[in-house]
Amino acid sequence: MIDILYFARIRESLGLDKERLELPSGPVDVADLITHLTNTRGELWSQALGQANLLVSVNQVLVKPDHKICDGDEVAFFPPVSGG
Amino acid sequence: MISIQQEDFDISHEVAKLRALSGETGAIVTFTGLVRDLSSGQVVNQLFLEHYPGMTEKSIGAIVEESRQRWDLLGVRVIHRVGVLNPAEQIVMVAVSARHRSNAFSACEFIMDYLKTRAPFWKKEKGRGGEHWLETKTTDFDAAERWLD
């Protein structure tokens, strides 16, 4: 199982701030996870996770799409930051 | 030391703590960020700040650590508020103490530039024109870029 967190504009579009997901067997990377979510959940998800400037973190570290996801990981999806 | 909190903070209290930290302190530089009542010509009634508990603290910690490696510093104090904020309220404070002022000035600006471009916070403005999420400005990216070697 992995935890997936959604923040800010993405959280609002999807109406979801977090969920737990069973990982399929075999190696999975961030791009695979995004493909899985957008293929199985429809247009709203394609738009939210298909943005060019989407940021992804695994275990609270920013990662690239080819980063491997393991059981027990915490994945987060968010838009560009605006703090300070 | 880093704090993410809803409550307001008192700069003089934080500066007093930095002064007490070391007798070698020759300089203390502080920056305070406030909620403006006007953004892109539109009146702002409220700001909502969201963060990623855990990652936000870690990310600011990494920025502070990098500043310590680049400049000779004594104390660094960062406070960033989250939740609902109104115009004129304080959002963020970065205070740096050092033996010499150039290190304190540089580190303070460096930390703020990276806070604006790297730290996981998201601002939503609410005004008469509706509400919308903000994104990092080009000027902020440019400011952060000048610290690259």
Side-chain angles (χ1 to χ4, degrees), chain A residues 1-21 23 29-31 33-34 37 43-84, chain B residues 2 4 31-36 39 47-63 78-83 85 90-94 108-126 131-141 143-144:
Chain A
M1 297 287 277
I2 58 168
D3 288 304
I4 310 179
L5 310 179
Y6 305 95
F7 291 94
R9 188 165 31 84
I10 294 176
R11 176 181 52 76
E12 276 187 353
S13 307
L14 299 176
L16 183 65
D17 65 349
K18 70 164 140 196
E19 62 175 313
R20 302 210 78 198
L21 197 74
L23 271 186
D29 64 21
V30 166
L33 177 63
I34 293 174
L37 292 171
E43 185 59 30
L44 190 65
W45 285 77
S46 299
Q47 284 197 11
L49 301 186
Q51 300 165 54
N53 54 18
L54 180 76
L55 295 176
V56 187
S57 68
V58 174
N59 299 328
Q60 303 183 358
V61 174
L62 278 178
V63 297
K64 295 204 168 80
D66 61 356
H67 185 94
K68 293 272 173 290
I69 301 176
C70 307
D71 204 48
D73 278 349
E74 177 177 287
V75 180
F77 294 106
F78 40 86
V81 302
S82 54
Chain B
I2 296 154
I4 313 288
F31 168 85
T32 311
L34 308 172
V35 181
R36 298 171 63 225
S39 172
L47 197 65
F48 169 68
L49 264 139
E50 186 170 334
H51 77 298
Y52 182 168
M55 186 172 180
T56 302
E57 293 87 337
K58 272 204 199 82
S59 155
I60 300 175
I63 293 164
V78 177
I79 305 177
H80 200 302
R81 294 178 67 196
V82 289
L85 300 177
Q90 301 184 129
I91 306 172
V92 59
M93 183 205 80
V94 174
C108 188
E109 197 166 17
F110 170 86
I111 292 167
M112 260 321 294
D113 286 342
Y114 276 77
L115 255 182
K116 294 207 72 87
T117 56
R118 275 213 225 141
F121 291 101
W122 300 274
K123 283 180 186 158
K124 189 182 191 184
E125 273 180 359
K126 299 180 187 185
E131 43 180 66
H132 66 277
W133 292 94
L134 298 182
E135 301 224 333
T136 325
K137 298 202 289 285
T138 315
T139 46
D140 290 327
F141 280 124

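All chains are named by letter (A, B, ...) in the order of the sequence lines, taking the proteins before the strands, and each is independently numbered beginning at 1. The structure presented is a predicted model; accordingly, all values stated were derived computationally and were not measured. As a basis for the values below, the full set of heavy atoms in this structure was taken, side chains included, without hydrogen atoms, waters or symmetry mates.
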field: Distance-minimising heavy-atom pair for B/Leu134 and A/Ser82
entry: O-OG, 3.2 Å
Identify all side-chain donor-acceptor contacts of residues 8-17 of chain A below 3.5 Å with residues at least two apart in sequence or on another chain.
from: A/Arg9; atom 1: NH1; to: A/Gln51; atom 2: OE1; distance (Å): 2.9
from: A/Arg9; atom 1: NH2; to: B/Glu135; atom 2: OE2; distance (Å): 2.4
from: A/Arg11; atom 1: NE; to: B/Glu50; atom 2: OE2; distance (Å): 3.1
from: A/Arg11; atom 1: NH2; to: B/Glu50; atom 2: OE1; distance (Å): 2.6
from: A/Glu12; atom 1: OE1; to: B/Trp133; atom 2: NE1; distance (Å): 2.9
from: A/Glu12; atom 1: OE2; to: B/Lys124; atom 2: NZ; distance (Å): 2.4
from: A/Ser13; atom 1: OG; to: A/Arg9; atom 2: O; distance (Å): 2.9

query: With a cut-off of 6.0 Å (strictly less than), are more than 12 heavy atoms of other residues, nucleotides or ligands near NZ of A/Lys68?
result: yes
query: Can you pull out the residues in residues 53-60 of chain A with any heavy atom less than 4.5 Å from chain B?
result: A/Asn53, A/Ser57, A/Gln60
message: Taking every non-hydrogen pair under 4.5 Å, which of B/Ser59, B/Pro120, B/Gly54 racks up the most with chain A?
response: B/Gly54
Residue part contacting chain A, namely of B/His51, when any heavy atom lies under 4.5 Å: backbone
field: Options B/His80, B/Lys116, B/Met112, B/Arg81, ranked by heavy-atom pairs under 4.5 Å with chain A, top entry
entry: B/Lys116
field: Side chain, backbone, both or neither of B/Arg118 within contact of chain A (heavy atoms, under 4.5 Å)
entry: backbone
- request: Assign the ring pair B/Tyr52 / A/Phe78 to parallel, tilted or perpendicular, where the plane angle (0 to 90°) is split at 30° and 60°.
  value: perpendicular
query: Closest heavy-atom contact between A/Val81 and B/Thr117?
result: CG2-O, 3.4 Å
task: Assess whether side-chain contact (heavy atoms from CB on, under 4.5 Å) is satisfied between B/Lys58 and A/Val61, documenting all intermediate values.
output: CA-CA 9 Å; B/Lys58 272 204 199 82; A/Val61 174; 5.9 Å; no
